[in-house]
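A quick write-up on the structure given underneath.
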Amino acid sequence: MNQLVTKSAARTLAAWESSAIVPVMIAGAGEHAARRFLEFFAATIRNKNTREAYYRAVCRFFAWCDHAKLGALVDIEPIHVAAYIEALQRDYEKPTVKQHLAAIRMCFDWLVTGQVIATNPAHAVRGPKHVVKRGKTPVLTTDDARMLIDSIDASTLVGLRDRALIGVMTYAFARVSAVVGMRVEDYYPQGKRWWLRLHEKGGKRHEMPVHHKLEAYLDEYLAKAGIREAGRSALFPSAVGKTGELGREPMHRVDAYRMIRRRAADAGIKIKIGCHTFRATGITAYLEAGGTLENAQAMAAHDSPRTTKLYDRTGDEITLDEVEKIAI
């Protein structure tokens, strides 16, 4: 099995390398530089989404260098990187700018250790200061979340799939990438309860007991789809056009986002929500019911309780009550 996984991963990376475009400045530094550039993304970044984001960030920087007519790779200096980061802040939010700088810095580190260049021009460049105490992810009230879930037509196979998928994100605090990547075998019995196995970012395998409502959603969906025994098959496959049938390929996270936007509109939800909304909504509902931050952190597979706290909106109503005391 490990050999099969390794071969599959190798094929995926080989396909990515063959489709990736090497920036002109990197190509001009020679074949070794081009190879080292591609190896940075293929060998050091395991998460596909992170790999694509870093690749776009680095390519954007080198395109800027070409436009600025910097010439060769060795001509790039810290002042050039600093000027690029300064310009980037006019078009992007601070977290995105920090991500771009991290990608550029790490790529240059890889080129330095590969002896393509002598020093890292991005090493001393500082990004914008960004302190976050409250997340921006929209959170639904308990009533709105229930209304949205109940509004989904459970008489259709696609409706059952969508309800179950939203249920996993809500009741298991799961990221959409982990949910769409699940296989049927990742919903399994253990003792008297059913559990979910989630493969979260960073290679973390996270297991969660299943809430009784989510268990009902999953059982009804699997029975209708007839895939309960199809262990290695995608748990949430994409639909085949508008036939109402499901295919074999797993849903893409972008498809899940579009589905959620449609379901929210159908339910009359006015705020713009996304996949992460259900993760934040589940965490907030749990904390409102008396759950502890430490347990919420473990359930959400967060490394730090500060990250979990960003999803917590239990203090919003208290803050509004205090503001309304200003009697002017």
Between [X] and [Y], is any pair of side-chain heavy atoms under 4.5 Å apart?
| X | Y | answer |
| --- | --- | --- |
| L111 | F40 | no |
| C275 | I260 | yes |
| V58 | F108 | no |
| Q99 | Y54 | yes |
| L246 | V240 | no |
| T137 | R279 | no |
| V176 | Y257 | no |
| C65 | H80 | no |

Backbone of [Y] reached by a side-chain donor or acceptor of [X] within 3.5 Å:
| X | Y | value |
| --- | --- | --- |
| H206 | L196 | no |
| R193 | V210 | yes |
| H211 | G167 | no |
| T170 | I166 | yes |

| said: Going by side-chain hydrogen bond (donor to acceptor under 3.5 Å, both in side chains), name the pairs with one or both residues in residues 101-128, residues two or more places apart or in two chains. | reply: R36-T113, D109-N120
| message | Suppose the criterion is side-chain hydrogen bond (donor to acceptor under 3.5 Å, both in side chains): which pairs have a residue in residues 245-256, not counting sequence neighbours? | response | N49-R253
Ionic contact status for [Y] with [X], cut-off 4.0 Å:
| X | Y | answer |
| --- | --- | --- |
| R205 | E207 | yes |
| R163 | E220 | yes |
| R35 | E39 | yes |

From [atom1] ([X]) to [atom2] ([Y]), nearest 0.5 Å:
| X | Y | atom1 | atom2 | answer |
| --- | --- | --- | --- | --- |
| C107 | F41 | SG | CZ | 5.0 Å |
| I149 | L214 | CD1 | CG | 9.5 Å |
| D153 | L160 | CG | CG | 8.5 Å |
| H199 | R183 | NE2 | CZ | 8.0 Å |
| L165 | L235 | CG | CG | 8.0 Å |
| M182 | S233 | CE | OG | 13.5 Å |

| query | Given the rule that I, L, V, M, F, W and Y join up when any side-chain heavy atoms are under 4.5 Å apart, are V179 and M299 in one cluster? | reply | no
| salt bridge (Lys or Arg N to Asp or Glu O under 4.0 Å) contacts in which one or both residues fall within residues 259-273, not counting sequence neighbours | D162-R263
Going by the rule salt bridge (charged side-chain N to carboxylate O under 4.0 Å, His left out), which residues pair with [X] if we only count those two or more places apart in sequence or in a different chain?
| X | value |
| --- | --- |
| D144 | none |
| E86 | none |
| R228 | D219 |
| R175 | E200 |

| query | With F173, which residues qualify under ring-ring contact (aromatic ring centres under 6.0 Å, His included), at least two apart? | reply | none
| request: List for me each residue that meets ring-ring contact (aromatic ring centres under 6.0 Å, His included) alongside Y221, sequence neighbours excluded, and say none if there are none. | output: F236
| said: Going by the rule side chain to side chain contact (heavy atoms under 4.5 Å, CB included), which residues pair with T292 if we only count those two or more places apart in sequence or in a different chain? | reply: Y286, E294, N295
| request: May I ask you to decide if the ring planes of Y92 and H100 are parallel, tilted or perpendicular, using 30° and 60° as cut-offs? | output: tilted
| query | If you link I, L, V, M, F, W and Y whenever their side-chain heavy atoms are under 4.5 Å apart, who else ends up in the same group as W195? | reply | Y188
| message | Assess the residue pair E93 and K98 against the criterion (side-chain contact (heavy atoms from CB on, under 4.5 Å)); give the C-alpha distance rounded to whole Å, side-chain angles, the decisive distance to 0.1 Å, and a yes or no. | response | CA-CA 9 Å; E93 296 289 337; K98 289 174 71 70; over 6 Å; no
| query | Looking at residues at least two apart in the chain, or sitting in another chain, which of them share a side chain to side chain donor-acceptor pair (under 3.5 Å) with Y84? | reply | R60
| Given the rule in the side-chain contact (heavy atoms from CB on, under 4.5 Å) test, do L73 and F62 qualify, once you have shown the distances and angles that lead to the verdict? | CA-CA 9 Å; L73 186 63; F62 281 115; 3.6 Å; yes
